[in-house]
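Atom set for the values below is all heavy atoms of this structure, side chains included, hydrogens, waters and symmetry mates excluded. What you see is a predicted model; the values in this text were computed from it and never measured. Protein chains get the first letters and strands the later ones, always in sequence-line order, with residue 1 at the start of each.
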Amino acid sequence: MERINHRSVIFFLLCVLPLIVLVYLSVGPSWIPPWRIFSLLGDTVNVDSTVIREATIVSAIRLPRVLMAAFVGACLACCGAAMQGLFRNPLADPSLIGVSSGASAGASFMIVFGAAWLDSSQVLGLSMVSVGAVAGAVVAVFLVYKLATDSYGTSVITMLLSGVAISAVASALNSMFSYFADSEMLRRINVWEMGNLDGASWERVALIAVVAGVLLWRLPRHALALNAFLLGESEARYLGINVDWVKKELVLLTALAVGISVVISGNIAFVGLVVPHILRGFIGPDHRYLLPSCALAGAMLLIVADMIARTIIAPAELPAGILTSLVGAPVFFYLLVKSKSLNNPERL
Amino acid sequence: MTLKIHNVTAKISSAISLVDIEVEVEAGSVTVVIGPNGAGKTSLLRAICSDLPFSEGVITLNDKVISQWDAQSKATLLAILPQRSSLEFPFTVEEVVTMGRIPHSTSNSQNRDIVNKALALVDCNHLIARSFINLSGGEKQRVQLARVAAQVWDAVDAGDRCLILDEPTASLDLAHQEMVVRMFEFFAAQGVAILVVLHDLNLAAKCASQILVLKDGRSAALGKPETVLTEEMLKDVFSISAKVISNPVNGKPMVVT
């Protein structure tokens, strides 16, 4: 495929993202024309009841939700790009090394066994489940890391296979927690395992915004290291990169970002897989440009997915995770078939 | 001494070890390592690259123990080309070669200049915009050669430069094998120390200042091509009965089977 200049792509994404946010704020059970959004957000003295109602819909419901979708999408897409670089496999994804499953097991544990505290307050509940999820993610990553690392370095293949094993263990734990859960907890675990964004609140926005900030601050610093990783781990070392240190930081950053994303919105699959893959086709694999474009495109994809999810069967809502999977899985299959037709089995 | 391997003993697997390897690679010279499959050639290179821990002995680079080098400044003067590379992402040839400049803080325009020259050296200028994964095996190998060439293209303050290559001619046609020999001469003339594993004994005889012969992890011979490439050595180490004659073109020893 012919490449497109990365500057044009980033510029295009930067222009389109605000437009999509604006459309998102307008669309819903009650249509609010885009040109009135700004005046609604700025207006505090108007007493007209329609205006107050619309302003509440925008600022209390749609705005936190669109921001949450944007940050979660950005986190997932960037983590996907980073992990694919780290594992030198274009089809790798944070869920592959067991981070998502570890996080969801940790979070279910908290929902079931920490239920007493969870009801007391939203902030406390959120932070308890977050702690559970991040702890689960970190345990998963360290376990995989321990299994796959020896004095020669980390074997990527062992690490991926350990990820498969950890996912299996975590999903068994998840089922076990569900077995102990009462019907209310079960509904919560279930809803949230499908991955959706309906629990938007400003606390959640703040949490994921901080995580996205850390991720977008740290990851681009390792862009050149990630490029060198694609040549091979030893080759990266020969190019003077402190491979072990970079690897640890990347693993911890992804565990944090994926863990918190899982808490905020459940398991939203395929964003981390499809976004970097598509962008690589347009601008090439150079992480200096891939990471920022992934952040923008990941945000955009999840906003659009959620916009469709909450309008397509209105007034009811689909979980956005189902939608990204429905859209993502065929794209993924297409990519699989395409890379097979290149007659290059090594790429898989 | 640019690269000095002193008394190195390392366990490769339960069955085989490198034992007491001793070799010095001088600035501006080419040391060729030969030996049958599984003799420990690649393991020796891995020991130098700190990929294989060794139990005894010491390896120094520019008279400083190699493990004490700061990773980044080491990378400015020591470039290593492994036997196989598994790049599976659609980087362009230009991007791959530019990665050789990662350890350096030279400007983009300087890097572009070096990348072009390195590509010219391996006869790959016409490939510059192509995607690496669509190249043939030989083209990939030449591009990787250009990458390590770009890495040690210019002299640096930290010390003498050193190139380590593991079977760089494995998938090259005859003309490009000659090109690799010219590449060695080009770098050796600038005072770069070169350590290279080769399988083609006549190619080794042609470009080597000294040859190290490995057998079962031990050093079987070390010296000038004329003294090392003998009929007895070929029988002992490679189990072949071959004649060694004088190459009519360059006067070096030539193995005829």
For a 4.5 angstrom cut-off between non-hydrogen side-chain atoms, does Leu121(B) reach Phe186(B)? yes
Applying a criterion of heavy atom separation less than 4.5 Å, what residues of residues 109-120 of chain B form contacts with chain A? none
Listed by chain and number, what are the ring-ring contact (aromatic ring centres under 6.0 Å, His included) partners of Phe184(B), not counting sequence neighbours? none
Heavy-atom side-chain proximity of Phe71(A) to Ser261(A) below 4.5 angstrom: no
With a 4.5 Å heavy-atom cut-off (strictly below), which parts of residues 5-16 of chain A touch chain B? List them by number. none
Choice from Glu95(B), Arg101(B), Lys74(B) maximising heavy atom contacts with chain A below 4.5 Å: Glu95(B)
Side chains of Asp70(B) and Ser73(B): do they bring a donor and an acceptor to under 3.5 Å? yes
Contact check, side chains of Thr169(B) and Met179(B), non-hydrogen atoms, under 4.5 Å: no
Using non-hydrogen atoms and a 4.5 Å limit, figure out which bit of Asn242(A) sits close to chain B: side chain, backbone, both or neither. neither
Report yes or no: do Thr42(B) and Gln83(B) form a side-chain donor-acceptor pair below 3.5 Å? yes
Using distance only, find each side-chain donor-acceptor pair of residues 213-220 of chain A under 3.5 Å and give its atom names and separation, not counting sequence neighbours.
unit_1	atom_1	unit_2	atom_2	d
Arg218(A)	NE	Glu249(A)	OE2	2.6
Arg218(A)	NH2	Glu249(A)	OE1	3.4
Arg218(A)	NH2	Glu249(A)	OE2	3.2

With a 4.5 Å cut-off on heavy-atom pairs, point out which of Thr92(B), Leu78(B), Val148(B) contacts chain A the most. Thr92(B)
To check you understand the geometry: which heavy-atom pair defines the closest contact between Asn227(A) and Arg288(A), and what is its length? ND2-NE, 4.4 Å
